[in-house]
Number of protein chains: 2
Amino acid sequence: MARPRIKDVARRAGVSEKTVSNVINDYAHVSERTRTAVREAIDELGYRVNLAGRHLRRGRTGIIALVVPELDIPYFADLAALIITEAERNAMTVLVHQTREDRRRELAALEGFGSDFADGLILSPLTLTGTDLRDRPGAPPTVLLGERVRPGQADHVAIDNERAAREATVHLLELGRRRIRVVGGREGTEPGTAEVRSAGHRAALEAAGLPWDPAVLLRVENFRALDGALAVRRLLEAGEQPDGLLCLNDQLALGAMRELHDRGLRVPEDVAVVGFDDVEGGRFSVPSLTTVAPDKHAVARVALELLMVRIAERDARTAGAPPRERVVAHRLLVRESTAGAGSRA
Amino acid sequence: MARPRIKDVARRAGVSEKTVSNVINDYAHVSERTRTAVREAIDELGYRVNLAGRHLRRGRTGIIALVVPELDIPYFADLAALIITEAERNAMTVLVHQTREDRRRELAALEGFGSDFADGLILSPLTLTGTDLRDRPGAPPTVLLGERVRPGQADHVAIDNERAAREATVHLLELGRRRIRVVGGREGTEPGTAEVRSAGHRAALEAAGLPWDPAVLLRVENFRALDGALAVRRLLEAGEQPDGLLCLNDQLALGAMRELHDRGLRVPEDVAVVGFDDVEGGRFSVPSLTTVAPDKHAVARVALELLMVRIAERDARTAGAPPRERVVAHRLLVRESTAGAGSRA
DNA sequence: CAGCCGTTGTACATCGATGTAAAAACTCCG
DNA sequence: CGGAGTTTTTACATCGATGTACAACGGCTG
């Protein structure tokens, strides 16, 4: 009982294979009679399209590869959820890869995993450099998220990270905080999110006439709660007394808050904490977390939009337009971790 | 400049197409000479396998479809992350779908999305019934996660949910709690996770000679923190005074704890809270969350194991063995939300 | 009713990689 | 050096769906 093929359906309905194909693909000029006859044959046999055959013939897979560092970091999970939903709306299916911070995996992703699996690629890079993005013959259309690798190498969607960090810092400064630390530097990576956000932080300080010291950037191993907690522990054990923390994602912030709690420091009274990403955990934590909320829906929507355009261009063998840069909105959600007792956003 | 094909590589290397194919697939009997010659040609042309062609010929796609309710619920994100990693170890790629609780989507998944995309399917069902799983001619090999739909319809991996709930309840009872509520019932679903866990809860009560009342099961819309908070709010506003909450996942528990906090109730002194899943949020929350921790690595590993066996059977046209049932380990991690001040697990 | 046109339906080649079967090349030994 | 036995390579058919090009059909006009 092998699966039925178009051939079987055709025989059963008494038409040609192409006619069956036409019915399946809603081709206009099929009479109502034959259309129903074919539909019936399909139902009776339980026929389902073989996508391998279709892909081979059409030259498109209908698959988008999404590459994120780790899916179990809530921000990426949120993003993936939205992208999958958005892709579906574009009749695309999403295949997810994790780089687990591995540079080789990111490069492999860029190359299309040594194959041409996907029609397009959405990539949230951590370690890639500008040069990695040049000259990728045969690589699929690509949209980068988040980090501004270097302008002009590929389509890119992100919030204005520098401005966001500046606003967050201004917020802390307005609360009178002067000993602010930034949590989330990475070792040995190219200028990435951390550096851009650091620059925003610095700009805010300098605009306020305050000095800036590169040492305020605390390094972390990863972007999980544990890393935030460890960073704060090291800081406090070194005898420092911060009164504000700008954490480069919410997980770091939540870990930091837990560590502060354990050491008897109150948030926000002793230390005000700001995060990035607006994940669910920060909305229900005690205290709830002030955060820079990117418009994630927009990120997903715009990413798909850019990608679908590129894919269409490629199909049409149109000359590729220059890389497109898209900035999506963000806003600072002020919650208890900086505002004192307040309501949940 | 179209992408090179095997034909082009063959011409360049001065060998047949099949020889190129043999080199690509590490076929044993290729001399070192030709092997290197072919490799060079591949590099020079930048050749990469066209998977559509390969899939068509091989009859396998190398893709596993993972279907979860929502990827932005941390437990499912954790699981997806592990499954993707595990799949990679089996040279498989994972395509993720979300049902968003939609029964039709779950059914579509069962049918292989109207196509035969994936070699196999890993499905975490919410609304499926036993009958849905019968008679799925042509459907791909399937492994179910979590909910015991009804034994004997498909391969299945889960913890012993009833025992887990019993243990968690016993833990609450040992703390002297007597007014325990279970948070996480769903409307109108088949006997699923909630019912199985409820049964465990009931068993623990009855073993202790305590009465059980179906009304202890609080309904929720979804499994997010917000739903836990709302459930607790309704409960308290109805004038009830619970001293223990058994939440059917950590998100519900975290939301519940936040609501308790807002209403001036202390955890664990006034209300002890237990969750399920052991997600990161519960390890760093204040207080940290006691939870039933399933061995998620094992879930992922066993799921892939079962699936790969089924796929191999199918390829070999072996008669399908009867459905396999696999139980993975869990343990109760006691943290501050029930234990009083303690250390973080 | 011939002639034309638009609509339906068909035969066949094709997308790219690989399994099959068999030919070619090479080894080794008497 | 001939021939059996083994290793390496090849030609060709095939996986399933669909685009191309064209044939068949039906209806309408003059």
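Chain A is the first sequence line, chain B the second, and so forth, proteins listed ahead of strands; every chain is numbered from 1.
Residue pairs meeting the side chain to side chain donor-acceptor pair (under 3.5 Å) criterion with at least one partner in residues 32-42 of chain B, sequence neighbours excluded, are B:S31-B:T34. For residues 82-94 of chain A, every residue pair satisfying the salt bridge (charged side-chain N to carboxylate O under 4.0 Å, His left out) rule, not counting sequence neighbours, is listed here: A:E86-A:R89, A:E88-B:R105.
Each end of the helix from C:dC1-D:dG30 to C:dG30-D:dC1 gets its own rotation axis from five pairs of C1' atoms, and the angle between them is 50° to the nearest 10 degrees.
Applying the side-chain hydrogen bond (donor to acceptor under 3.5 Å, both in side chains) criterion to B:R11, with sequence neighbours excluded, gives no partner residue. For B:L56, the side-chain contact (heavy atoms from CB on, under 4.5 Å) criterion is met by A:A52, A:L56, not counting sequence neighbours. The side-chain hydrogen bond (donor to acceptor under 3.5 Å, both in side chains) test applied to A:D8 returns no partner, not counting sequence neighbours. Residues passing the side-chain contact (heavy atoms from CB on, under 4.5 Å) test with B:D78, sequence neighbours excluded: A:D72, B:V279, B:K296. With sequence neighbours left out, the side-chain contact (heavy atoms from CB on, under 4.5 Å) criterion links B:A41 to B:V9, B:R12, B:A13. With sequence neighbours excluded, the residues forming a side-chain contact (heavy atoms from CB on, under 4.5 Å) with A:N22 are A:K18, A:Y27, A:V30, listed by chain and number.
In this structure, CZ in A:R310 is found 4.0 Å from CG in A:D155, a value given to the nearest 0.5 Å. The distance from atom CD1 of B:I83 to atom CG of B:L304, rounded to the nearest 0.5 Å, is 7.0 Å. Annotation: the span from B:T85 atom OG1 to A:Q98 atom CD amounts to 4.5 Å, rounded to 0.5 Å.
No side-chain N or O of B:E305 forms a donor-acceptor pair with one of B:N90 less than 3.5 Å apart.
Mapping heavy-atom proximity under 4.0 Å, the span of DNA chain D touched by chain A runs 5' to 3' from D:dG16 to D:dT20.
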Pairs under 3.5 Å (N/O, protein and nucleotides 22-27 of chain C):
none

With the criterion being N/O to N/O and under 3.5 Å, what pairs connect the protein with nucleotides 9-11 of chain C, and how long is each?
unit_1, atom_1, unit_2, atom_2, d
C:dG9, OP1, A:S31, OG, 3.2
C:dG9, OP1, A:T34, OG1, 3.0
C:dG9, OP2, A:S31, N, 3.3
C:dG9, OP2, A:T34, OG1, 3.0
C:dT10, OP1, A:S16, N, 3.4
C:dT10, OP2, A:S16, N, 2.8
C:dT10, OP2, A:S16, OG, 3.0
C:dT10, OP2, A:T19, OG1, 2.6

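Nucleic acid contact class of B:R54 (heavy atoms, under 4.0 Å, all strands): sugar-phosphate only.
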